[in-house]
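Chain identifiers are assigned alphabetically (A, B, ...) following the order of the sequence lines, protein sequences preceding nucleic acid strands; residue numbering begins at 1 within each chain. Reckoned from all heavy atoms, side chains included, excluding hydrogens, waters and symmetry mates.
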Protein chains: 2
Amino acid sequence: LIRAEGLCKDYVMGRNVVHALIDVDVEIDNGEFVAVMGPSGSGKSTFMNMVGALDRPTRGRLTIAGRDLAELDDDEQARLRNETLGFVFQQFMLLARTSALDNVKLPLMYTAMDRDEKQQRAEAALNRVGLADRMDHNPSQLSGGQQQRVAIARALVNRPRMILADEPTGALDTATAEEIMGLFGALNAEGVTVVLVTHEEEIAEHARRIIRFRDGRIQTDQRRQAA
Amino acid sequence: LIRAEGLCKDYVMGRNVVHALIDVDVEIDNGEFVAVMGPSGSGKSTFMNMVGALDRPTRGRLTIAGRDLAELDDDEQARLRNETLGFVFQQFMLLARTSALDNVKLPLMYTAMDRDEKQQRAEAALNRVGLADRMDHNPSQLSGGQQQRVAIARALVNRPRMILADEPTGALDTATAEEIMGLFGALNAEGVTVVLVTHEEEIAEHARRIIRFRDGRIQTDQRRQAA
Ligand SMILES: Nc1ncnc2c1ncn2[C@@H]1O[C@H](COP(=O)(O)OP(=O)(O)OP(=O)(O)O)[C@@H](O)[C@H]1O
Ligand SMILES: Nc1ncnc2c1ncn2[C@@H]1O[C@H](COP(=O)(O)OP(=O)(O)OP(=O)(O)O)[C@@H](O)[C@H]1O
Ligand SMILES: [Mg+2]
Ligand SMILES: [Mg+2]
């Protein structure tokens, strides 16, 4: 589903260059459940932005669902993204003057569903993350963990083939985090590919494979032994 | 240092009321090291905003450094805050078009220091959180954990008597989080009062007292037995 070959990302700032990703080679197949870990600043979000077709690499090749991203222009990348991926951003990226419900409906904007079905889908998604009673709140009227859950609901509402989640439980207490991981586990059991960044080992244990970054490179990439 | 008596906070939304804080009674003395825990949405950030004089309660009394907040107007509250507190926000609240260094200098704006001393203090604060090589980056050029550390450095730069930190290690890997907790521990040993919200038990173990919220109320308030 995802193949990265020799992926590099440099950020040029004046005379300095930050090598955020260096020679990343990795393949993630359909139906996998992968945890991405590593120190702060080691390149995890940069990697997720590449894989989510939200940013372009400096060098190297990235293939998603069989398509070489370099051959797609921005509109085609956006469409591939909307059809294939659900993305949970590390900083949530919710619209500030928009209710939780309307934030969650956003990915449905270019689909063929009628208004009632969009309403139902968005309500169901918010219900699944425990926010049925917060649908009309806008983000400034929600706690940190509630905002994070709105971002998660938005990523799920269009039933994507793959979920890319950057620290999806960072703002959640242990019990709520376990509920969210149960939700991801259930989706994975239905065939959804899940790639999530986390810095908590207990969260990573839900995954079947752990990719660890260090200083822009993949340091280890290990599949869990069947129990 | 902080006394809350019968503290209540209601958010009115049309015909609904959210009782975010209900009858909170608590005292925090000089030099304490307190962890605040509880489920997502249980009132922790609302409590921190009250104690940080960033918002006013609906009912009840709040006394900080001997002064009843209800008797202070907004300007006086702002001055008390600047003189006494360092606040790390759950959502960081960094200025977007401003470098890390200038973000950290912000609390020094109304102090009597000359420019060189402000520069040195801000650099030292960023160095202490491991960001010496990221001083000219603005927030969009920093990783999530780096942004969090800029918010922490900004809270420390004016050497406040009390640090209120809302999930200060939420975006950090375990090793970096331990470094930050070491920093808080060192400041506490020097007499700084530390109150931090966390959902991670390993982080809370650094504190000597744990206050747990549930549904807007304090559920438990326990001091650690001396080891
Ligand atoms: N401005 C507001 N208007 C309406 N409701 C609000 C507002 N701000 C917060 N709330 C509600 O008050 C409750 C407490 O919010 P608070 O931010 O204090 O929770 P929290 O314990 O910090 O949660 P988290 O761990 O998720 O950050 C939540 O249920 C939230 O939806
Ligand atoms: N736009 C940018 N310009 C310059 N440097 C950048 C930019 N974006 C990221 N960086 C740098 O690239 C490195 C990798 O950033 P990235 O966000 O991928 O880290 P991360 O592993 O997600 O960290 P965290 O766990 O703290 O979220 C960091 O050192 C960061 O300072
Ligand atoms: Mg990141
Ligand atoms: Mg909060």
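Between A:Asp166 and A:Lys44, no side-chain nitrogen of the basic residue sits less than 4.0 Å from a carboxylate oxygen of the acidic one, so the salt-bridge criterion is not met. Ion pairing between A:Asp74 and A:Arg56 holds under the 4.0 Å rule for side-chain N and carboxylate O. A salt bridge links B:Arg223 with B:Glu32; the closest basic N to acidic carboxylate O contact falls under 4.0 Å. With respect to the salt-bridge test (charged N to carboxylate O, under 4.0 angstrom), the residues A:Asp55 and A:Lys9 qualify.
Neither the backbone nor the side chain of A:Ser45 has a heavy atom closer than 4.5 Å to any heavy atom of chain B. Residue A:Ala175 does not touch chain B at all, counting heavy-atom pairs closer than 4.5 Å. When heavy atoms are compared at a cutoff of 4.5 Å, A:Glu201 does not approach chain B at all. Contact of B:Thr46 with chain A is not made at all, since no heavy-atom distance falls under 4.5 Å. Interface residue B:Gln147: only side-chain heavy atoms are found under 4.5 Å from chain A. Neither the backbone nor the side chain of A:Gln148 comes within less than 4.5 Å of any heavy atom in chain B. When heavy atoms are compared at a cutoff of 4.5 Å, B:Gln141 approaches chain A solely by way of its side chain, counted from C-beta outward. Heavy-atom distances place the side chain of B:Ser143, and not its backbone, under 4.5 Å from chain A.
Looking only at distances, no side-chain donor or acceptor of B:His206 sits under 3.5 Å from a matching main-chain atom of B:Met181. Listed for the A:His137 side chain is no donor-acceptor partner under 3.5 Å among the backbone atoms of A:Leu142. Using modelled atom types, one side-chain atom of A:Asp173 and one backbone atom of B:Ser40 make a donor-acceptor pair closer than 3.5 Å. A:Arg224 contributes no side-chain N or O that, together with a main-chain N or O of A:Arg209, makes up a donor-acceptor pair within less than 3.5 Å. Put simply, the side chain of B:Arg149 gets close to the backbone of B:Val129: a donor and an acceptor are under 3.5 Å apart. With B:Arg59 contributing its side chain and B:Ile22 its backbone, the two residues share no donor-acceptor pair below 3.5 Å. Using modelled atom types, one side-chain atom of A:Asp73 and one backbone atom of A:Asp75 make a donor-acceptor pair closer than 3.5 Å. The backbone N or O of A:Leu80 lies less than 3.5 Å from a partner atom in the side chain of A:Thr84, making a donor-acceptor pair.
Counting heavy-atom pairs closer than 4.5 Å to chain A, the top-ranked of the candidates B:Gly43, B:Ala20, B:Gly14, B:Gly41 is B:Gly41. Comparing A:Asp133, A:Val18, A:Asn16, A:Thr174 by heavy-atom pairs within less than 4.5 Å of chain B, the highest count is held by A:Val18. Ranked by non-hydrogen atom pairs under 4.5 Å with chain A, the options B:Gly145, B:Gly130, B:Ser42, B:Ala177 are led by B:Gly145. Counting heavy-atom pairs under 4.5 Å between each of B:Glu200, B:Arg134, B:Gln146 and chain A puts B:Glu200 at the top.
Within residues 90-100 of chain B, the residues having any heavy atom closer than 4.5 Å to a heavy atom of chain A are B:Gln90, B:Gln91, B:Phe92, listed by residue number.
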